[in-house]
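Everything on this sheet refers to the single structure shown next.
Hydrogens, waters and symmetry mates play no part in the numbers below; they use all other heavy atoms, side chains included. All of these numbers come straight from a predicted model, not from anything done at the bench.
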Amino acid sequence: MSNPGDPASDPVVSRRRTWSDLGPRLISALVLIALTATALYIGTYVFAAVVGAVFAGAYREWETMVSRAPLTPAGMALIGLVAVSGLVYPLLGPLGTIGVIALACVVAVAMRGEGVLWRILGLVIYGAIIVAALAMRGDTLTGVWAGVYLGTVVWMTDSAAFFTGRQIGGEKLAPEISPSKTWSGALGGLALGTGAGLLVWIVATDSAWWIGLVLSAAISVLGQLGDLSESAIKRHFRIKDSGDIIPGHGGLMDRLDSLTFGVLLVLLVGALHAGYGAVAEGLLYW
């Protein structure tokens, strides 16, 4: 029987500890996927309300992070405005959302303090994501497929990077930013995210497969860059997780970071190809 300090026993203990969060992580992921898919399918004010509420929750974590203090009434007002910015989109369109975010930026400036620029940055980022997500969904069935395609690439990239990185390990990807990320995880995420995205692309559209391959790879890479960017910001503020609202995942910021650049790319590609009013069609149909 091995002693606790024997080298032979250490890998077993380490492995058990490494995968101890797998159960909560999988359950949380299934719940999140079900809720997101339902809201995406229903669309209209339901999807707008969910998007606004989710990113308001993410901004709450951002506000706490940059202020390094408990929420103030002004901070809670900013959170409420982010939520409203999503809800007004079906009625007033992108200009309504931009107007609400602009008002939030004015409130942020009035709050003063050293966190003003960080507050404005957070508001602009989440406002842009809200506009991009709601423009992508639009009011057609194509918007549902665009959302499924984007979500598949992002989530499969995240999942594959997580499992591959933990199982294989190896050289660190960016040790100064995120010590836990490895090149094996990044490449595993790129491979599975791109492959899964291509599969959805082939099912959802009859456009050339190579376009789906390129777009899927680009979204996968951007998803990982979004993850690293959030890690760099958290390191700047010396925090490990943005929150603990999602068991096994951390905070909403931690869960949504990979979506940031990907959904903005979807907006850019779709709008340039078919116009702002047909983002999903511009993304999927070539």
Side-chain angles (χ1 to χ4, degrees), residues 22 25-26 28-30 32-34 36-37 40 128-129 132-133 135-137 141-174 177-178 180-232 248-249 253-274 279-286:
L22 182 58
R25 189 179 184 91
L26 289 176
S28 296
L30 290 174
L32 289 172
I33 290 172
T36 303
L40 180 66
I129 297 173
M136 175 195 69
R137 173 57 181 89
L141 184 61
T142 307
V144 177
W145 277 111
V148 170
Y149 168 68
L150 174 64
T152 297
V153 176
V154 170
W155 282 331
M156 294 307 290
T157 297
D158 269 357
S159 299
F162 172 79
F163 286 107
T164 306
R166 285 199 176 185
Q167 189 65 33
I168 299 177
E171 187 175 351
K172 301 299 182 182
L173 176 64
I177 297 176
S178 183
S180 64
K181 291 180 174 59
T182 62
W183 278 102
S184 64
L187 293 175
L190 175 61
L192 187 57
T194 301
L198 179 59
L199 180 61
V200 175
W201 180 274
I202 292 172
V203 171
T205 176
D206 57 1
S207 299
W209 67 268
W210 63 266
I211 298 177
L213 180 68
V214 171
L215 285 174
S216 299
I219 292 171
S220 180
V221 170
L222 288 174
Q224 298 192 56
L225 288 176
D227 195 346
L228 285 173
S229 297
E230 194 228 11
S231 294
H249 293 269
M253 281 176 55
D254 298 321
R255 182 69 275 177
L256 298 169
D257 52 8
S258 300
L259 184 67
T260 304
F261 295 143
V263 73
L264 293 178
L265 177 67
V266 165
L267 174 63
L268 179 64
V269 171
L272 288 177
H273 186 215
V279 170
E281 289 78 4
L283 174 71
L284 297 177
Y285 301 135
W286 294 75

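The two residues G188 and A160 come nearest to each other via the heavy atoms O-CB, 3.4 Å. Between A204 and W145, the shortest heavy-atom distance links the atoms CB-CE3, 3.5 Å. Across all their heavy atoms, A196 and M156 have their closest contact at CB-CG, 3.7 Å. A pairwise comparison of heavy atoms in S220 and L190 identifies OG-CA, 3.3 Å as the closest pair. What you find for A132 and L264 is that their closest heavy atoms are CB-CD2, 4.0 Å.
Between the R137 side chain and the L40 main chain, a donor and an acceptor come within less than 3.5 Å of each other. Not one N or O on the side chain of Q224 forms a donor-acceptor pair closer than 3.5 Å with the backbone of G189.
The CG atom of L267 sits 8.5 Å away from the CG atom of L272 when rounded to the nearest 0.5 Å. In this structure, the separation between OG1 on T194 and CG on L199 is 12.5 Å, given to the nearest 0.5 Å. One distance of note links OG1 of T182 with CD of Q167; it measures 11.5 Å at 0.5 Å rounding. To the nearest 0.5 Å, atom CG of residue D257 and atom CG of residue D158 are 7.0 Å apart. Between the OG atom of S216 and the CG atom of L198 there is a distance of 6.0 Å, given to the nearest 0.5 Å. Summarising the geometry, atom CG belonging to D254 is positioned 4.5 Å from atom CD belonging to E230; distances are rounded to the nearest 0.5 Å.
Taking 4.5 Å as the limit, every side-chain heavy atom of F261 sits out of range of all side-chain heavy atoms of I219. Looking at heavy atoms from C-beta onward, Y285 lies in side-chain contact with T142 at the 4.5 angstrom threshold. In this structure, the side chains of Y149 and L215 come closer than 4.5 Å at one or more pairs of heavy atoms. Using a 4.5 Å heavy-atom threshold, the side chains of L192 and T157 count as separate. Between K181 and S231 the shortest side-chain heavy-atom distance falls below 4.5 Å.
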#### Entry: Worked verdict on V148 versus V200 for side-chain contact (heavy atoms from CB on, under 4.5 Å)
CA-CA 8 Å; V148 170; V200 175; 4.2 Å; yes
### Query
side-chain contact (heavy atoms from CB on, under 4.5 Å) between L265 and V269: does it pass, once the steps are laid out?
CA-CA 6 Å; L265 177 67; V269 171; 3.8 Å; yes
### Query
Which is it for L283 and H273 under the side-chain contact (heavy atoms from CB on, under 4.5 Å) test, yes or no, and what are the steps along the way?
CA-CA 7 Å; L283 174 71; H273 186 215; over 6 Å; no
### Task
Kindly indicate, with the supporting measurements, whether the criterion side-chain contact (heavy atoms from CB on, under 4.5 Å) is fulfilled by W201 and I211.
CA-CA 9 Å; W201 180 274; I211 298 177; 3.9 Å; yes
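Side chains of T164 and S184: a donor-acceptor N/O pair is absent below 3.5 angstrom, by distance only.
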